[in-house]
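The structure under discussion appears below in the form of structure tokens.
Chain identifiers are assigned alphabetically (A, B, ...) following the order of the sequence lines, protein sequences preceding nucleic acid strands; residue numbering begins at 1 within each chain.
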Protein chains: 2
Amino acid sequence: MPTNKSTKVPAAASRITMHDIARRANVSLGTVSHVINGKVSVSDEVRARVQKAIDELGYQPNHLSRALRTNRTNLIGMVIPDITNPFFPSVVRGVEDAAFRANYRLLLCNADNDPAKELAYMNDLSSFMPAGIILIPSDNHKLPTLGQYPLVCIDRQPLGWNGDSVTVENFEGGKTAAAHLAQLGHKQIAIVQGPENVSTVGDRVRGFLKELKRRKITISPEYIQASSFDQEGGYLCAMRLLRLVPRPTAIFAANDLIAVGALQAVKASKLRCPQDVSIIGFDGLSVTDFTEPALTSVVQPSYQLGHAAMRLLLSRIEGDTAPPRHIVLETQLKVRDSAQEPPTTRR
Amino acid sequence: MPTNKSTKVPAAASRITMHDIARRANVSLGTVSHVINGKVSVSDEVRARVQKAIDELGYQPNHLSRALRTNRTNLIGMVIPDITNPFFPSVVRGVEDAAFRANYRLLLCNADNDPAKELAYMNDLSSFMPAGIILIPSDNHKLPTLGQYPLVCIDRQPLGWNGDSVTVENFEGGKTAAAHLAQLGHKQIAIVQGPENVSTVGDRVRGFLKELKRRKITISPEYIQASSFDQEGGYLCAMRLLRLVPRPTAIFAANDLIAVGALQAVKASKLRCPQDVSIIGFDGLSVTDFTEPALTSVVQPSYQLGHAAMRLLLSRIEGDTAPPRHIVLETQLKVRDSAQEPPTTRR
DNA sequence: TTGTAAGCGTTATCAG
DNA sequence: CTGATAACGCTTACAA
């Protein structure tokens with residue numbers, strides 16, 4: 001180990017600054033700035049000299065000092081509930097791709113499904129002077145008054161939020177799922193819904209029920225179970241449903257993890273899916289490819305969700321002051337192997 | 001729509017600064033800084049006055065200007081191949097949790113498995129004066145000379161990299177997998193390995209082969225297939241293997257997605273897993289819970305990988321100048337249902 | 001077309 | 001213990 005009497009880390013070799021460029025190119029600091037930003041015209045000769053110096057010294061502008069001056073960074077704050085939830089990575093990717101193309105960078109925060117942590121992050125983010133923020137709320141709690149940057153909410157909507165948003169047609173998606181089961185001939189249909197304080201869930205279930213009603217299919221209260229948004233919850237709720245008499249011939253799960261749990265419950269009950277019980281999920285996670293049978297599911301365009309949100313945010317950043325926009329993306333039924341005709345009507 | 005003659009967005013209400021605090025508390029700017037940073041002692045009376053002003057005005061320090069002065073932000077740059085790959089989210093989460101606790105924030109970049117994009121991001125990151133960088137390399141390409149901040153490499157190792165790193169015992173993990181299959185009685189064992197330019201893969205396969213050799217189990221070259229790191233690759237390679245005579249009784253897959261593909265190939269070939277063909281994967285992704293049968297796999301501690309890397313980085317940030325450290329985490333065999341005795345030796 | 005200088009919000013040095 | 005003041009690296013009027 002090298003002897004080092006000083007307790008301090010030696011100062012890192014400092015970066016190349018515009019001063020260095022100016023000195024080497026024999027021009028003033030302002031001129032360097034002019035060629036870099038291209039807002040003020042500069043003679044070709046000087047421009048070339050400056051450019052040469054930039055290349056030779058490998059100069060890279062300092063985002064921070066620039067931000068301090070212009071009052072805005074090229075940072076986009078993104079606050080999500082939990083990157084570990086398989087629905088979110090592709091949303092994040094959608095945001096990042098759109099951001100990267102426009103030369104913005106992503107400051108990612110996991111609020112951990114904790115509104116307090118979410119708030120802490122939102123406040124903290126403002127210290128970075130972000131160009132804008134994208135939020136996937138942890139639940140539908142009310143948002144405190146925001147800072148001075150544009151904000152777009154994705155997926156779930158905070159209570160009373162009427163700023164920009166990008167969501168999917170949860171209500172329509174629910175209807176689609178109901179129509180599919182009804183068309184297959186199901187009459188005994190059960191629902192495993194998710195947590196009540198998540199706005200998307202309510203919409204899905206309401207759409208589902210509405211479509212059933214339209215088709216004069218009634219569903220008694222004990223056929224509706226509320227679960228957490230995971231596999232265990234789906235398993236437990238489905239177990240309860242499968243013991244009912246008459247046993248439901250189909251189960252609508254409010255998301256795919258619940259659907260996977262329900263599938264396991266069917267198997268654990270020595271029943272077959274889809275021959276005895278059909279299952280239909282929501283989300284279109286890739287895990288639905290791997291189950292046996294592959295899950296029929298209402299697919300959300302998760303990547304598009306992020307991408308659209310970022311594009312909307314960009315327009316705000318560029319000064320678009322139109323009234324709040326609410327972009328709603330379509331869902332799509334992906335028919336696979338977990339739903340077919342109910343046993344009684346089978347030929 | 002409101003009439004708005006000006007094309008410019010009205011200047012946002014500017015944030016509260018230290019000047020505002022100073023004015024309200026009737027002290028100088030420097031004094032405010034002193035109470036905030038606590039490095040210089042301040043009389044209780046003045047401290048209270050300043051603190052009161054801070055609370056009343058809801059002051060939050062500006063990270064950017066602070067960074068400009070101190071030459072360091074509380075940002076951690078993290079460059080990963082693709083957040084959409086199910087192995088990475090939990091690594092990211094591990095990093096973020098450790099970072100958050102120490103009051104650092106995460107700047108996340110998807111290099112998209114593209115070394116050029118990776119390099120671009122690494123350069124760009126330095127413009128934010130990050131306190132440090134965590135990199136999961138896209139492949140084993142050589143790293144260019146880095147900037148002045150500490151860097152920790154996770155998982156895959158760049159060629160010639162001898163700085164700090166956190167990896168898992170891929171070699172040992174491979175041996176474990178081999179030992180498990182051998183103990184079950186398998187003799188006809190095949191391998192579907194991943195891309196050659198990813199350092200982790202080679203280690204897994206080498207460990208696997210070494211253990212087989214030690215046990216005097218030979219494996220002919222056509223039993224080893226190279227696949228991409230995904231399900232399709234696994235499916236195709238496994239299909240080829242299953243047509244060989246004698247047919248392998250077990251397949252070692254270099255990662256879980258490959259294993260899932262292999263499982264589908266077994267089913268498509270009208271064979272049963274594990275009765276006819278055993279499969280063992282690597283990673284311990286949650287998808288292995290959902291397949292039928294559930295996959296036996298060598299589990300990597302992905303969250304720990306990120307967490308340990310961030311803690312190592314923190315120690316560097318705080319000035320630890322010890323020689324490069326190479327942390328190697330253990331893998332663990334998770335025995336589930338996809339591997340059992342080969343058909344011939346079954347009682 | 002080029003240069004000068006003020007200022008963004010902090011920290012840190014040095015007098016008072 | 002408190003207060004001026006320079007400096008961090010950059011942008012931007014404005015002057016030359």
Side-chain angles (χ1 to χ4, degrees), chain A residues 8 11-51 53-54 57-74 126-131 147-148, chain B residues 8 11-51 53-54 57-75 126-130 147-148:
Chain A
K8 289 175 96 173
S14 64
R15 296 168 47 87
I16 306 289
T17 72
M18 281 178 41
H19 282 97
D20 301 318
I21 305 299
R23 201 173 318 122
R24 179 180 257 250
N26 249 302
V27 295
S28 79
L29 188 59
T31 304
V32 176
S33 177
H34 293 152
V35 357
I36 289 178
N37 293 294
K39 301 224 168 196
V40 176
S41 64
V42 173
S43 75
D44 287 351
E45 196 256 331
V46 168
R47 173 190 314 287
R49 242 174 38 231
V50 169
Q51 191 55 54
I54 289 180
L57 263 40
Y59 168 74
Q60 285 201 275
N62 183 320
H63 280 146
L64 263 39
S65 45
R66 190 191 306 233
L68 193 56
R69 194 53 239 258
T70 62
N71 228 336
R72 222 189 59 201
T73 58
N74 64 338
S126 75
S127 296
F128 289 102
M129 302 186 184
Q148 49 271 359
Chain B
K8 289 176 96 172
S14 64
R15 295 168 48 86
I16 307 288
T17 72
M18 282 177 40
H19 282 98
D20 302 318
I21 305 298
R23 202 172 315 123
R24 180 180 256 249
N26 248 304
V27 294
S28 79
L29 189 60
T31 303
V32 175
S33 176
H34 294 151
V35 357
I36 288 178
N37 293 292
K39 300 222 169 201
V40 178
S41 66
V42 173
S43 74
D44 286 352
E45 196 256 332
V46 168
R47 171 190 316 286
R49 244 179 29 236
V50 169
Q51 190 56 55
I54 289 179
L57 264 40
Y59 167 74
Q60 285 201 276
N62 183 320
H63 279 147
L64 263 39
S65 46
R66 181 179 294 190
L68 191 59
R69 196 53 242 257
T70 61
N71 228 335
R72 220 189 62 201
T73 58
N74 64 339
L75 288 172
S126 76
S127 297
F128 290 101
M129 303 186 185
Q148 50 270 358

Nearest whole Å is fine: how far is [N] [atom2] from [X] [atom1]?
{"X": "B/N74", "N": "C/dT11", "atom1": "CG", "atom2": "P", "answer": "12 Å"}
{"X": "A/R15", "N": "D/dC10", "atom1": "CZ", "atom2": "C1'", "answer": "12 Å"}
{"X": "A/F128", "N": "C/dT10", "atom1": "CZ", "atom2": "P", "answer": "13 Å"}
{"X": "B/N37", "N": "C/dA12", "atom1": "CG", "atom2": "P", "answer": "7 Å"}
{"X": "B/L68", "N": "C/dA12", "atom1": "CG", "atom2": "C1'", "answer": "14 Å"}
{"X": "A/R72", "N": "D/dC10", "atom1": "CZ", "atom2": "P", "answer": "18 Å"}
{"X": "B/L64", "N": "C/dC8", "atom1": "CG", "atom2": "P", "answer": "15 Å"}
{"X": "A/L57", "N": "D/dG9", "atom1": "CG", "atom2": "P", "answer": "14 Å"}

Between OH of A/Y59 and NE2 of A/H19, what distance do you get to the nearest 0.5 Å?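 One finds 10.5 Å between OH of A/Y59 and NE2 of A/H19.
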
Any chance you could measure A/L57, atom CG, to A/M18, atom CE, to the nearest 0.5 Å?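 The distance works out to 13.5 Å.
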
Phosphate oxygens OP1/OP2 of C/dG9: is one of them under 4.0 Å from a side-chain N or O of B/R66? no

According to a strict under-4.0 Å criterion, is A/N62 in side-chain N/O contact with OP1 or OP2 of D/dC8? no

Do any N or O atoms of the protein come closer than 3.5 Å to N or O atoms of nucleotides 2-6 of chain D, and which pairs are they?
| unit_1 | atom_1 | unit_2 | atom_2 | d |
| --- | --- | --- | --- | --- |
| D/dT2 | OP1 | B/S43 | OG | 2.7 |
| D/dT2 | OP2 | B/S43 | N | 2.6 |
| D/dT2 | OP2 | B/S43 | OG | 3.4 |
| D/dG3 | OP2 | B/S28 | N | 3.0 |
| D/dG3 | OP2 | B/T31 | OG1 | 2.6 |

Donor-acceptor pairs are to be reported for all side-chain atoms of residues 24-39 of chain A against protein atoms at under 3.5 Å, with residues two or more places apart or in another chain.
| unit_1 | atom_1 | unit_2 | atom_2 | d |
| --- | --- | --- | --- | --- |
| A/R24 | NH1 | A/E56 | OE1 | 2.1 |
| A/S28 | OG | A/G30 | N | 3.4 |
| A/S28 | OG | A/T31 | N | 3.3 |
| A/S28 | OG | A/T31 | OG1 | 3.1 |
| A/S33 | OG | A/N37 | ND2 | 3.2 |
| A/H34 | ND1 | A/G30 | O | 3.3 |
| A/N37 | ND2 | A/S33 | O | 3.1 |

Base, sugar-phosphate or nothing for B/T70? Non-hydrogen atoms, less than 4.0 Å. sugar-phosphate

Indicate, with a heavy-atom threshold strictly under 4.0 Å, whether A/T17 touches base, sugar-phosphate, or nothing. sugar-phosphate

State, to 0.1 Å, how close A/R72 and A/P130 come at their nearest heavy-atom pair, and which atoms those are. CG-O, 4.4 Å

Taking all heavy atoms of A/D20 and all of A/T17, pick out the closest pair and write down the distance. OD2-N, 2.8 Å

Please report the C-alpha distance between B/V50 and B/R47 in whole Å, then the side-chain angles of each, then the deciding distance to 0.1 Å, and finally whether the side chain to side chain contact (heavy atoms under 4.5 Å, CB included) criterion is met. CA-CA 5 Å; B/V50 169; B/R47 171 190 316 286; 5.9 Å; no

N/O donor to acceptor pairs below 3.5 angstrom from side-chain atoms of residues 60-68 of chain B, sequence neighbours left out:
| unit_1 | atom_1 | unit_2 | atom_2 | d |
| --- | --- | --- | --- | --- |
| B/N62 | OD1 | B/L64 | N | 2.7 |
| B/N62 | OD1 | B/S65 | N | 3.2 |
| B/S65 | OG | B/N62 | O | 3.3 |

